[in-house]
Amino acid sequence: MIAVVKQSATPEQLQQFISWIEGRGLKTDVSSGDAETLVGIIGDTTQVDPFLLESMEIIDRVQRVSDPFKMANRKFHPEDTVVDCGYGVKIGGGTFHVMAGPCSVEGDNLFEIARAVKAAGATILRGGAYKPRTSPYACQGMGEKGLELLCRAREELEMPIVTEIMDPRDVQTFLDYKVDIMQIGARNAQNFPLLKEVGKTNVPVLLKRGLAGTIDELLMAAEYIMSEGNPNVILCERGIRTFETRTRNTFDVNAVPVLKNLTHLPVIGDPSHATGYTRYVRPIAYAATAAGVDGLQIEVHNCPQKAWSDGAQALTPEMFEDAMKRIALIREAVTAEL
Ligand code: PEP
Ligand code: MN
């Protein structure tokens, strides 16, 4: 961290500032130029609030030179993390896995959808049992009954399941049902007690980017989970809120290579929540694939018009099958050795 000291600062004020920093167990490195004086702050600066420094009379501005995320940082862990989700599904390190299924688990149609997505090449079954709905009057999901259905589908199809957890008090239930991947949804991306609680398990966590979350906020959310001891974090770009109103969200395609550069954690793309409309899901799935994601999450429903939630963005099994073939071709193109 570097503090730029105002020209008006007296030598006594500068010395006071240096003593204040060093009193917190950090080292300093002062360089006085003609135009400005820089104080390099060396050590674990995660404890130092840059805004507090900037509020000091003699400080002009403060710049971080090291990232606040450590465990998720590729600088300290250059190799890709590979998250073992069971049933031979390993996400990261050059593999590509697609999780697909309905937005909400609704009943026995889960089996029909699960069979179709597996036949088309999906390796993970998705479905929400606990649903984060904007309205308290909208369907809130089947709860434990939904988990039971997911487990039955997992047994039949021998594929891991991913489902959203919204409440830290549900962690034990998710462990009891041996949920393979716990999803933290966009609305809970900064629910710190929830992040910490899933961090105390070793179950893979699919962490979605917050509704208007920055890349750094996503990485700091991952840091919450990892700092509790769980290294099995998969990040998900699912679109962010922008000024655009023609789509539900805006898929931040930049975030894919940026995250791959900053972190060793796997990154997947969710074109369904990113766009909100069936007609846009496939093009954005292709863009995410070309940008280098380690996998995708796509909502698929046997009868989108009857879906309990997010029918407007669901692919039919036929559309999904078509998408999977094209995704494979795009992956070939971007990973080919030339
Ligand atoms: C979901 O996966 O159904 C969901 C609610 O996703 P998000 O948190 O990205 O909106
Ligand atoms: Mn959904």
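We number each residue from 1, following the sequence as shown. Counting starts at 1 for both ligands and their atoms, in listed order.
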Quiz item: With ring centroids as reference points, do Tyr224 and Phe69 lie under 6.0 angstrom apart?
Solution: no
Quiz item: Taking the side chain as C-beta and beyond, is there a heavy-atom pair between Leu194 and Ile165 under 4.5 Å?
Solution: yes
Quiz item: Within a strict 4.5 Å, meaning less than it, do heavy atoms of the Met1 and Gln63 side chains meet?
Solution: no
Self-check item: Reported NE2-to-CD1 distance for the pair His97 and Ile181, which is rounded to 0.5 angstrom
Solution: 9.5 Å
Quiz item: Relative to the ring of Tyr277, is the ring of Tyr280 parallel (under 30°), tilted (30 to 60°) or perpendicular (over 60°)?
Solution: perpendicular
Self-check item: Minimum-distance N/O/S atom that Glu299 presents toward the Mn ion (ligand 2)
Solution: OE2
Quiz item: Looking at ligand 1, does Cys103 have a heavy atom less than 4.0 Å from it?
Solution: yes
Quiz item: Quick one: nearest non-hydrogen protein atom to atom 6 (O) of ligand 1, plus distance?
Solution: Lys208 NZ, 3.0 Å
Quiz item: Going by heavy atoms, is Arg209 under 4.0 Å from ligand 1?
Solution: no
Exercise. Ignoring angles and geometry beyond distance, decide whether Asp270 reaches within less than 3.5 Å of ligand 1 through its nitrogen or oxygen atoms.
Key: no
Quiz item: Considering only the protein, which heavy-atom contact is closest to atom 2 (O) of ligand 1, and what is its distance?
Solution: Arg126 NH1, 2.6 Å
Quiz prompt | Shortest protein contact, atom 10 (O) of ligand 1 (heavy atom only) | solution = Arg238 NH2, 2.7 Å
Quiz item: Between Gln313 and His273, do the side chains contain an N or O donor and an N or O acceptor separated by less than 3.5 Å?
Solution: yes
Self-check item: Shortest-distance N/O/S atom, Asp310 versus the Mn ion (ligand 2)
Solution: OD2
Self-check item: hydrophobic_cluster_shared for Ile268 and Leu235, side chain cutoff 4.5 Å
Solution: no
Quiz item: Which ligand 1 atoms, with their elements, are less than 4.0 angstrom from a heavy-atom of Gly185?
Solution: 8 (O)
Quiz item: So which heavy atom in the protein is nearest atom 4 (C) of ligand 1, and how far is it from that ligand atom?
Solution: His273 NE2, 3.3 Å
Exercise. Could you find the nearest protein heavy atom to atom 8 (O) of ligand 1 and give me its residue, atom name and distance?
Key: Ala186 N, 2.7 Å
Quiz item: Quick one: does Arg133's side chain get under 4.5 Å of Cys139's, heavy atoms only?
Solution: yes
Practice problem: May I ask you to check whether Glu164 has an N/O atom sitting below 3.5 Å from an N/O atom of ligand 1? | Solution: no
Quiz item: Where the Mn ion (ligand 2) is the corner point, what angle links NE2 of His273 with SG of Cys103, to 10°?
Solution: 170°
Self-check item: Close side-chain approach of Ile184 to Leu195, heavy-atom, < 4.5 Å
Solution: yes
Self-check item: Proximal ligand 1 atoms for Lys131, defined as those under 4.0 Å from one of its heavy atoms
Solution: 1 (C), 3 (O)
